[in-house]
2 protein chains.
Amino acid sequence: MTSANILLVEDEPAIQELLAFNVAQCGYRAIQAFDVASAQTEINRALPDLILLDWMLPGVSGVEFAQRLRADSRTRDIPIIMLTARTDERDKIQGLEAGADDYITKPFSPRELMARIRAVLRRRAPQMTDDLVCAEGIELSPTTHRVSAKGMSIELGPTEFRLLHFFMTHAERVYSRTQLLDQVWGDHVFVEERTIDVHIRRLRQALEPSSTDNLIQTVRGSGYRFSKE
Amino acid sequence: MTSANILLVEDEPAIQELLAFNVAQCGYRAIQAFDVASAQTEINRALPDLILLDWMLPGVSGVEFAQRLRADSRTRDIPIIMLTARTDERDKIQGLEAGADDYITKPFSPRELMARIRAVLRRRAPQMTDDLVCAEGIELSPTTHRVSAKGMSIELGPTEFRLLHFFMTHAERVYSRTQLLDQVWGDHVFVEERTIDVHIRRLRQALEPSSTDNLIQTVRGSGYRFSKE
DNA sequence: AAGAATTGTGACAGACGCGTGACAGTCAGT
DNA sequence: ACTGACTGTCACGCGTCTGTCACAATTCTT
């Protein structure tokens with residue numbers, strides 16, 4: 001556990017070296033691959049504990065590769081951090097939908113990268129096979145992107161889905177609008193704080209018919225909290 | 001915590017002023033330096049909480065300075081945001097390799113700059129694990145923002161909550177109205193001292209049904225005290 | 001005991017935070 | 001291009017909180 005094996009899939013030599021240097025600096029073992037084919041070879045040889053996957057790759061793209069990894073039972077549970085130069089929000093959603101556990105845009109600070117690696121590795125430990133998130137009578141499946149309560153299916157937009165997902169995995173605690181922006185939208189996104197109010201409302205509205213009231217509580221002056229009242 | 005010190009290292013006076021204005025606008029303290037030498041002087045005087053560092057500087061470049069800061073144990077952990085006019089990708093990588101935490105290209109919007117500053121400072125802030133405060137049979141949780149006594153939940157407004165929180169963490173001691181204003185309201189706000197009497201009353205009223213009487217005692221001529229009588 | 005000083009209490013207007021509906025812009029699929 | 005879904009932003013209204021006052025109640029002083 002102390003020295004996890006991290007597979008780096010990145011075609012650009014400069015960035016590859018930068019990654020390898022920082023990863024090694026933190027006490028992890030870096031396994032380098034410059035394309036999908038060699039990455040697959042490394043995986044066949046030994047399953048890594050984490051994969052750092054570049055978005056843009058020659059031949060097969062990172063997204064395709066991620067999907068392939070998720071389809072294989074041997075690699076299904078290996079966490080993936082996507083690496084991309086684009087700042088487009090759509091990419092983020094698509095990347096996460098493909099099965100990435102986290103997402104980081106170039107340029108990134110080495111410290112941020114390390115923080116995310118540690119976070120993902122830590123998060124992975126207890127969660128493991130946990131495909132289904134349950135809380136307060138609601139069931140949410142990150143992989144199938146489905147939500148249901150009391151047997152009824154609930155339709156949610158991408159943002160509402162991520163918001164609910166975050167709340168369900170962080171119940172009972174109050175989060176400020178700023179924190180929610182960081183956690184659900186991401187650091188680099190500039191969005192008005194009041195926008196959260198609107199999404200909270202939409203989420204409440206979507207949950208209302210099939211769930212007990214007041215699952216998402218307003219804590220005046222502080223933020224919001226997800227709990228059973 | 002409330003007002004972080006931000007060191008601005010920028011040789012161009014116009015931009016320097018723009019930075020200082022925006023930084024001050026957001027409640028941070030701006031420390032201005034127009035070259036690396038004076039920046040070092042300021043750092044020696046007092047360690048800032050964040051450094052905004054221009055890429056191009058007369059004499060020693062920003063990158064070199066960043067590397068020097070990273071090499072020094074005293075300054076190693078101070079977050080740096082690089083400021084540059086170039087959009088070259090290589091520069092970004094080089095800048096981040098030097099240890100910058102984030103990167104912003106001119107021209108930048110003040111809003112974006114502020115967002116990044118906040119993001120970096122937030123990322124830097126220690127995760128508070130502090131959870132439950134117990135005193136005199138009352139339980140108060142800062143993270144969930146909940147209060148209960150004898151199994152019963154207690155509803156409090158924001159100010160009453162902060163007031164009770166302060167009392168519970170500073171029990172057995174008398175605080176004057178002036179001290180309470182400083183500690184609970186903040187030393188920059190101006191409110192009548194008698195206002196405290198009203199909030200004390202509201203707090204007593206909220207605690208009354210679920211707690212032993214006289215938890216908040218009046219010390220005539222001095223102030224108030226939180227204790228078990 | 002009377003007066004002065006201090007605190008408790010009820011009421012109130014304004015400020016503030018939040019909910020809500022509407023709207024424009026973007027993007028995917030047709 | 002035309003839809004329809006989704007998102008971010010705004011303006012408006014409302015309820016709650018909050019600071020302040022006036023007056024009642026209490027305690028201390030003389």
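Atom set for the values below is all heavy atoms of this structure, side chains included, hydrogens, waters and symmetry mates excluded. From a predicted model like this one, the values you see are computed outputs, not experimental measurements. Just so it is clear: chains get the letters A, B, ... in the order the sequence lines come, proteins before strands, and each one is counted from 1.
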Give a yes/no on whether any side-chain N or O of R194(B) is located under 4.0 angstrom from OP1 or OP2 of dT6(C). no
Is the distance from OP1 or OP2 of dG19(D) to the nearest side-chain N or O of W185(B) less than 4.0 Å? yes
Minimum-distance pair of heavy atoms, taken over all atoms of V23(B) and M114(B): N-CE, 3.8 Å
Result of checking E208(A), R201(A), R202(A) against Q205(A) for side chain to side chain donor-acceptor pair (under 3.5 Å): R201(A)
Specify the separation, in whole Å, of atom CD1 of I196(B) and atom C1' of dT18(D). 13 Å
Out of dT18(D), dG8(D), dT20(D), which nucleotide sits closest to the side chain of H199(B)? dT18(D)
Whole Å only: how far is the CZ atom of R202(A) from the C1' atom of dA5(D)? 11 Å
In whole angstroms, how far is the C1' atom of dT18(D) from the CG atom of L156(B)? 15 Å
Using a strict threshold of under 4.0 Å (side-chain N to carboxylate O), is an ion pair present between R146(B) and E172(A)? yes
Kindly say if R201(A) contacts the phosphate of dG21(C), meaning a side-chain N or O under 4.0 Å from OP1 or OP2. yes
Ring pair (Phe, Tyr, Trp, His ring centres under 6.0 Å): pairs with one or both residues in residues 190-229 of chain B, sequence neighbours excluded: W185(B)-H199(B)
I need the CG-P distance between L181(B) and dG19(D), as an integer number of Å. 9 Å
dG8(C) phosphate, OP1 or OP2: any side-chain N/O from R204(B) under 4.0 angstrom? yes
Does a donor on one side chain sit under 3.5 Å from an acceptor on the other, for E136(A) and S227(A)? no
Can you tell which of dG19(D), dG8(D), dT18(D) lies closest to the side chain of V191(A)? dG8(D)
What integer distance in Å separates Q205(A):CD from dA22(C):P? 11 Å
Distance check needed: dG8(D) P versus L203(A) CG, whole Å only. 14 Å
Rounded distance (Å) that lies between atom C1' of dA24(D) and atom CG of D197(B): 14 Å
Pick base, sugar-phosphate or nothing for T218(A), based on heavy-atom distances below 4.0 Å to the nucleic acid. sugar-phosphate
Counting any heavy atom closer than 4.0 Å, what does Y224(B) reach on the DNA or RNA strands: base, sugar-phosphate only, or nothing? sugar-phosphate
I200(B) atom CD1 is separated from dC17(D) atom P, nearest whole Å, by 18 Å
Any donor-acceptor pair, under 3.5 Å, between the side chain of R220(A) and the base of dT16(D), if you only look at N and O atoms? yes
